[in-house]
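Structure, as structure tokens:
If you're wondering where the values come from, they're calculated on a predicted model, not measured in any experiment. Atom set for the values below is all heavy atoms of this structure, side chains included, hydrogens, waters and symmetry mates excluded. Residues take their numbers from the sequence shown, with the count starting at 1.
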Amino acid sequence: MGPLLYYALPALGSYVMLSIFFLRRPRLLYTPWTPAYRVRLGAHRGGSGERLEHTMEAMENSMTQRADLLELDCQLTRDGVVVVSHDENLSRQSGLNRDVSSLDFEDLPLYKEELEIYFSPGHFTHGSDRRMVSLEDMFQRFPRTPMSLEVKEENEELIHKIASLVRRFDRNEISIWASEKSSVMKKCKAANAEMPRSFTVSRGLWLLLLYYLGLLPFTPIPEKFFFCFLPTIINRLIMRKSLIRHLEDRGVQVIFWCLNEESDFEVAFSLGATGVMTDYPTALRRYLDNHRRAAWAS
């Protein structure tokens with residue numbers, strides 16, 4: 001064995017042992033963030049499998065199922081109202097080929113009478129409430145309900161209006177910045193740094209790389225929520241219980257989305273996820289309650 005290997009192998013072995021040790025005991029290096037709430041049941045687009053997405057009726061329905069989190073997408077109207085809408089263009093939702101930003105809030109169209117559920121293709125949802133609502137109305141109706149607020153594009157006016165509404169309604173702790181794009185999240189943080197943030201796509205990939213390189217235990221994590229896409233076969237290979245446990249021990253809640261089948265609920269919670277984001281809050285509530293009763297019985 002050459003001189004390099006003579007020194008390198010013990011050093012590598014020590015590094016691996018330290019990495020594993022602190023992966024399992026991160027509290028020796030960090031004081032974990034204590035969340036104001038834990039998310040077991042998150043309602044995707046307000047629970048879009050049971051009522052029309054993002055409507056007040058959908059939110060009300062999800063709250064009857066004791067949802068811990070309402071997941072919302074935000075757009076900005078021409079007259080500067082933050083509206084809860086997944087799409088900027090209204091064709092899919094209403095049949096009107098106009099952007100939200102080209103209309104005043106009062107001129108926004110009604111939702112279609114039925115909408116296909118994106119993560120349950122071939123299934124449609126209906127509802128008696130077809131009106132689009134403002135974020136301010138949501139805050140007024142559900143003042144203490146945690147909400148994830150997703151911003152899709154670098155619209156600084158939208159970001160600053162969201163930040164201002166969150167401050168005005170004293171919701172810093174229970175409103176989460178969410179975006180797939182790191183450039184957007186940077187602007188969100190600048191607008192209101194007191195709101196907890198979720199991982200962007202690139203930050204999530206970076207997290208996984210650090211984990212597999214053994215560097216994660218030695219790396220600060222500013223995010224408080226890891227919204228992880230479906231535990232498909234790929235994610236079942238990538239996501240490990242030890243990773244999720246490490247994040248939990250550091251105060252990061254791991255929430256799988258968007259899961260609509262009981263078999264997927266089972267996979268997510270067996271991996272150690274904090275919670276699940278679903279289009280079907282009633283189904284997830286039934287699953288959680290049944291498993292709680294089973295745990296009590298045993």
Exercise for the section: Please lay out, stage by stage, how Ser148 and Glu71 fare under the test side-chain hydrogen bond (donor to acceptor under 3.5 Å, both in side chains). Expected result: CA-CA 5 Å; Ser148 170; Glu71 188 270 343; 5.2 Å; no
Practice task
Please work out whether the ring planes of His291 and Tyr287 are parallel, tilted or perpendicular, with thresholds of 30° and 60°.
Solution key: tilted
Completion exercise
When rounded to the nearest 0.5 Å, the distance separating CE of Met277 from CG of Asp279 is 10.0 Å
Handout entry: Residues Ser101 and Gln75: side-chain donor-acceptor under 3.5 angstrom
Key = no
Exercise for the section: Indicate yes or no: does Arg40 engage Asp68 in a salt bridge with an N to O separation below 4.0 Å. Expected result: no
Problem - Side chain to side chain, Asn192 and Val166, heavy atoms closer than 4.5 Å - result: yes
Practice task
Answer yes or no: are there more than 12 heavy-atom neighbours, outside Glu114 itself, under 6.0 Å from its atom CD?
Solution key: yes
Exercise for the section: Apply salt bridge (Lys or Arg N to Asp or Glu O under 4.0 Å) to the pair Glu60 and Arg141, showing each step before the final yes or no. Expected result: CA-CA 9 Å; Glu60 295 276 7; Arg141 179 64 189 86; 2.6 Å; yes
Completion exercise
The reported gap from CZ in Phe265 to CG in Leu259 (rounded to nearest 0.5 angstrom) is 6.5 Å
Exercise for the section: Before giving the answer on side-chain hydrogen bond (donor to acceptor under 3.5 Å, both in side chains), spell out for Gln93 and His54 the whole-Å C-alpha distance, their side-chain angles and the decisive distance to 0.1 Å. Expected result: CA-CA 11 Å; Gln93 297 160 241; His54 283 138; 5.7 Å; no
Handout entry: Euclidean distance, Asp249 CG relative to Arg27 CZ, rounded to 0.5 Å
Key = 5.0 Å
Handout entry: Within one Ile-Leu-Val-Met-Phe-Trp-Tyr cluster: Tyr211 and Ile221, side-chain cutoff 4.5 Å
Key = yes
Problem - Gap separating the NZ atom of Lys112 from the NE2 atom of His126, nearest 0.5 angstrom - result: 12.0 Å
Exercise for the section: Count the heavy atoms of every other residue, nucleotide or ligand shown that sit under 6.0 Å from CZ of Arg24, and state whether that count exceeds 12. Expected result: no
Practice task
Verify the distance criterion only: is there a donor paired with an acceptor across the side chains of Thr77 and Asp104 at less than 3.5 Å?
Solution key: no
Practice task
Please determine, by modelled atom types, if Tyr118 and Ser48 share a side-chain donor-acceptor pair under 3.5 angstrom.
Solution key: no
Practice task
Ignoring hydrogens and angles, state whether a donor on the side chain of Ser179 or Glu150 is under 3.5 Å from an acceptor on the partner side chain.
Solution key: no
Exercise for the section: Determine whether Val133 and Phe105 make a side-chain contact, defined as any pair of heavy atoms from C-beta on separated by less than 4.5 Å. Expected result: no
Problem - Side chains of Ser198 and Glu223, donor plus acceptor under 3.5 Å - result: no
Exercise for the section: Take Ser102 and Asp99 through the test side-chain hydrogen bond (donor to acceptor under 3.5 Å, both in side chains) and record every step on the way to the result. Expected result: CA-CA 5 Å; Ser102 71; Asp99 288 347; 6.0 Å; no
Handout entry: Cluster check Tyr280, Leu115: I/L/V/M/F/W/Y, side chain < 4.5 angstrom
Key = no
Practice task
Would you kindly confirm whether Leu108 and Val84 end up in one hydrophobic cluster when ILVMFWY residues are joined by side chain heavy atoms under 4.5 Å apart?
Solution key: no
Handout entry: cation_pi(Arg130, Tyr111) dist<6.0 Å, angle<=45
Key = no
Problem - Exercise: do Thr125 and Glu50 side chains pair donor with acceptor under 3.5 Å - result: no
Handout entry: Aromatic ring pairing Phe229/Phe119, orientation class (parallel under 30°, perpendicular over 60°, tilted between)
Key = tilted
Problem - Inter-residue atom distance Leu110.CG - Leu90.CG, 0.5 Å rounding - result: 11.5 Å
